[in-house]
Structures are given as C-alpha cells and as structure tokens.
There are 2 protein chains.
Amino acid sequence: MTKQRGQIVIDKILDTAERLFYTQGYCNTGINQVIDEADIAKGSLYKHFESKTDLMVAYLQRFHQRWYERIEQEISKTEDPKKKLLAILEYHGQRQHIREFGGCPFIKANNEAGMSDPRILAEIQQAKQRLKNLIKTLVSQSNHKKLMTDKELTETIYLMTEGGVAAASVFKQDKDLQAAKKILQKLI
Amino acid sequence: MTKQRGQIVIDKILDTAERLFYTQGYCNTGINQVIDEADIAKGSLYKHFESKTDLMVAYLQRFHQRWYERIEQEISKTEDPKKKLLAILEYHGQRQHIREFGGCPFIKANNEAGMSDPRILAEIQQAKQRLKNLIKTLVSQSNHKKLMTDKELTETIYLMTEGGVAAASVFKQDKDLQAAKKILQKLI
DNA sequence: AATTAAATAGACAAATCTGTCTATTTAATT
DNA sequence: AATTAAATAGACAGATTTGTCTATTTAATT
C-alpha cells in the first residue's frame with residue numbers, strides 16, 4: 001500500500017504550514033507562501049482545506065498527535081517513573097534548542113488564533129491536559145519524597161515545564177529548563 | 001502644568017494600541033483600527049511614530065514601566081518578604097482575571113513580533129529579568145525553609161509564575177496560579 | 001491679534017491578502 | 001486504451017494593508 005497522490009499533497013501542505021506557522025507566525029504567513037514553499041497549486045490547497053483557519057486547525061491536530069507520540073517515545077527509554085519525569089523536562093529543553101527557542105507551538109497558536117476558532121483553543125487545551133495527565137500518572141507511580149502531595153508535585157512539574165519553555169523563548173536558551181530539572185531531582 | 005496637546009494624542013494612541021495589540025494581537029490589528037478607536041487622524045499617528053513597529057516598541061516600553069510599577073506597588077502592601085512573594089503569584093492571578101485570561105502581554109508580543117525587531121525582544125527580556133531579580137531579592141530576604149537554595153527557589157517561583165500565566169491563557173482560569181501560591185506556601 | 005505649530009479628514013499609492021475560477025496537464029482506474 | 005479524478009498554472013476579484021500627501025481647521029504662543 002503506497003501513499004495516495006492526495007495524501008502526498010496534503011502532507012506537503014501540512015509540513016509547510018507547520019514550519020511557517022511556527023517560525024513566522026500564523027498571521028505573518030500568507031497562503032501564497034505556503035503553496036510556493038510546499039510546491040503545490042493553490043487549487044490543491046483549497047481542495048483539501050476550506051480556509052486558512054481550517055489549515056491551522058488541521059496543522060494543530062496533526063501536530064498534537066505527533067507531539068504526544070514523541071513524548072511517549074522519549075519517556076519509554078527508561079522504566080523509572082522519576083527518570084521519566086526528568087526526561088520530560090530534558091526533552092522540552094532539547095526541543096526548544098531544535099526550535100531555536102521559538103517557544104511552545106501551542107501557546108503561540110493560542111496567542112495568535114486561540115480566540116478566532118473554538119477548534120483551535122479546544123485542541124490546545126486537550127494537548128496541555130494530556131501533558132498534565134501524563135505527569136500526574138508518573139508522579140503517582142514515582143514513590144517520591146512526599147515533600148508535597150501528588151497533586152502539588154504534578155502541578156509544580158507542569159508549571160515548571162510550561163514556564164521553562166516560555167523562558168526559553170524569551171532568553172533564547174534552555175538553562176531555565178535545565179534548572180527546573182535539577183530542582184525536580186531534589187523534589188522527587 | 002497641564003498636559004500638552006501632543007501628549008494627549010500620544011496617550012490616546014498608546015492606550016488604544018495597548019488594548020488592541022493585547023486583545024486582538026499585533027498582526028490582527030491594523031493602523032486604521034487604531035486611529036479609528038483612538039479617535040485621532042492618521043497623520044497624527046505617523047507624526048509621533050515612524051511605523052507600526054515603532055508603535056509596538058513604544059507600547060511595550062510604556063507597558064513595561066507601568067507593569068513593574070504595579071508589581072512594586074502591590075508587594076509594598078506587606079512588609080514580610082514571604083508574603084511579598086506570595087503576593088506576586090496572587091497578583092498575576094488577579095491580572096489574568098482582569099485580562100480575561102489572555103496570557104502574558106510580553107510573551108504574546110514576543111511570539112508575534114519578537115524576531116521582527118531587536119528592540120522588541122530586548123524590552124521583553126529586560127522586563128522578565130526585572131521580575132526574576134525582584135523574586136531573587138525577596139527570596140534572599142525571606143528566611144525560607146532552605147528546602148532548596150536561594151537560586152533554586154527563585155527559579156521555581158519564576159517558573160511557576162510564568163507557567164501559571166501560560167496555563168491561565170490556555171484553560172481560561174487562574175487555578176494553576178492559585179495552586180502555585182499554595183505550593184509556594186509549603187516551600188517557604 | 002498675529003504667527004506658528006499641530007491635528008484633522010480623507011484621498012491615494014502600492015503592495016498584499018484570501019479565496020475563486022478556468023483551462024490544461026497529469027495520473028490513476030476501469 | 002478510455003475514462004475519470006486530481007493536480008497544475010495563473011488570472012482575477014475584492015478586500016485590506018501600511019504609509020504618504022494635501023488642504024483645512026484648531027489650538028497654543030508671541
């Protein structure tokens with residue numbers, strides 16, 4: 001079963017949209033630039049996506065799925081729940097480095113287009129909630145020091161992750177995320 | 001000494017730009033909407049600001065100053081450094097409520113326009129650094145429990161603040177910031 | 001009161017934006 | 001091989017964008 005012709009076009013569009021929407025921003029990226037860099041015709045884009053907003057939604061949905069799969073894959077490298085928690089912070093630092101400290105794609109999308117379409121906000125909320133739930137599960141399995149409750153530790157880790165990525169986008173480095181990792185080592 | 005005519009115009013422009021750039025976003029706000037809602041002429045805007053980017057920079061500079069003054073005023077309500085630290089989290093929750101959970105103005109500006117002009121990123125970095133320094137000073141005065149070092153506690157508080165505001169913008173509520181406050185009470 | 005500076009309304013240019021449409025070519029399927 | 005569906009290039013509409021410019025009115029200053 002080889003790839004359908006249509007799927008190749010869709011993939012090229014979504015790949016390009018993902019790259020441009022993230023690096024330049026949704027508003028700063030025109031449809032014409034997307035079709036130019038994706039090397040497809042405008043008619044093809046509007047055959048598969050009703051509007052630019054729909055393209056944004058589709059990008060976020062696909063990104064949400066791939067993003068979560070990457071995190072799951074990353075923490076699967078160790079069995080220890082404590083190490084898995086540390087890996088989440090480590091991973092976010094690595095990703096921000098790859099992304100040249102452009103910040104969280106979900107937060108970016110939310111800031112620019114979160115209020116314009118309910119599907120956008122919903123997708124972002126679901127993604128963030130999944131991360132929270134993942135942390136919660138790992139915390140409950142971690143047998144941590146009980147310096148705080150499971151709920152509080154979960155919250156702390158989530159906030160340090162979110163804050164660390166934001167700090168990375170401001171200061172263009174990942175030392176806040178690295179610091180968060182060291183702090184977490186003391187807390188668990 | 002009453003207000004100069006020019007200053008009134010500048011204030012109206014900056015007030016409107018601040019409101020629209022935050023609620024709608026920089027890209028989603030046109031110069032024409034700014035002059036319409038500020039109720040001034042287009043020529044007046046371009047007399048005081050060379051470009052839309054310059055207006056953004058001026059908005060951020062004024063906002064940075066006022067923002068920091070508000071925080072200083074807020075924490076001046078108590079003498080206890082521990083309570084001052086808690087007040088920072090409390091204050092950010094209140095502000096996000098007022099802002100209808102639109103997130104951090106600096107992070108928003110950075111995501112949308114941080115790479116387009118070095119002055120924008122510089123202003124945002126300075127603002128965030130000031131917050132970090134403020135927390136650092138308060139931590140050093142707080143005589144906290146020493147569950148972690150001063151540096152680590154400072155980092156934790158900063159990250160929880162940054163992450164809490166981001167979470168507020170995603171989930172449209174301030175309970176993450178409230179949770180952060182309760183966690184901080186345990187840490188100090 | 002006369003002069004100077006600033007604010008105004010609004011036309012305008014030039015570029016860009018999203019989205020539509022047509023005519024043609026390419027590829028997959030029967 | 002014939003048919004059907006999809007991708008292409010590109011023109012086009014209509015709206016919107018930033019920024020400029022002119023002519024006029026308003027306000028402050030000498």
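Chain naming here is simple, since letters A, B, ... match the order of the sequence lines and numbering starts at 1 in each.
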Peer 1: Regarding A:Lys77 and the six-membered ring of A:Tyr91, is the cationic atom NZ or CZ under 6.0 Å from the ring centre and inside 45° of its axis?
Peer 2: no

Peer 1: Calculate the interatomic distance between B:Leu55 atom CG and D:dT17 atom C1'; express it in whole Å.
Peer 2: 15 Å

Peer 1: Given side chains that start at C-beta, do those of B:Gln125 and B:Asn110 come closer than 4.5 Å, heavy atoms only?
Peer 2: no

Peer 1: Once you round it to whole Å, what is the distance between P of D:dA27 and CD1 of B:Ile8?
Peer 2: 11 Å

Peer 1: Would a distance-only check, ignoring hydrogens and angles, find a side-chain to backbone donor-acceptor pair under 3.5 Å from B:Lys52 to B:Thr29?
Peer 2: yes

Peer 1: Once you measure the plane-to-plane angle for A:Phe101 and A:His97, does it fall in the parallel (<30°), tilted (30-60°) or perpendicular (>60°) bin?
Peer 2: perpendicular

Peer 1: B:Val165 versus B:Ile107: any side-chain heavy-atom pair under 4.5 Å?
Peer 2: no

Peer 1: In whole angstroms, how far is the P atom of C:dA15 from the CG atom of A:Asn32?
Peer 2: 15 Å

Peer 1: For B:Lys12 and C:dA6, what is the distance between atoms NZ and C1' respectively, to the nearest whole Å?
Peer 2: 13 Å

Peer 1: Between A:Lys108 (side chain only) and A:Phe21 (backbone N and O only), is there a donor and an acceptor less than 3.5 Å apart?
Peer 2: no

Peer 1: Is DNA chain C part of any stem, that is, at least 3 consecutive Watson-Crick or G-U pairs with both distances under 3.5 Å, and where?
Peer 2: C:1-30 with D:1-30

Peer 1: Specify the separation, in whole Å, of atom CG of B:Asn28 and atom P of D:dA15.
Peer 2: 20 Å

Peer 1: Applying the side-chain hydrogen bond (donor to acceptor under 3.5 Å, both in side chains) criterion to A:His64, which one of A:Glu123, A:Glu69, A:Gln126 satisfies it?
Peer 2: A:Glu123

Peer 1: Over all strands shown, is A:Thr53 touching base, sugar-phosphate only, or nothing at heavy-atom distances under 4.0 angstrom?
Peer 2: nothing

Peer 1: Take atom CG of B:Asp36 and atom C1' of D:dT17, then tell me their distance rounded to the nearest Å.
Peer 2: 14 Å

Peer 1: Can you name the one residue among B:Ile40, B:Val34, B:Ile35 that meets side-chain contact (heavy atoms from CB on, under 4.5 Å) with B:Lys12?
Peer 2: B:Ile40

Peer 1: Could you check how far CD1 of A:Ile10 sits from C1' of D:dA6, rounded to whole Å?
Peer 2: 11 Å

Peer 1: Whole angstroms only, please: what is the CD1-P distance between B:Ile31 and D:dA15?
Peer 2: 22 Å

Peer 1: Using heavy atoms and a sub-4.0 Å distance, could you list which residues of residues 39-51 of chain B are near DNA chain C? By number, please.
Peer 2: B:Asp39, B:Ile40, B:Ala41, B:Ser44, B:Lys47, B:His48

Peer 1: Between A:Asp174 and A:Arg99, does at least one N-O distance fall below 4.0 Å, as a salt bridge requires?
Peer 2: no

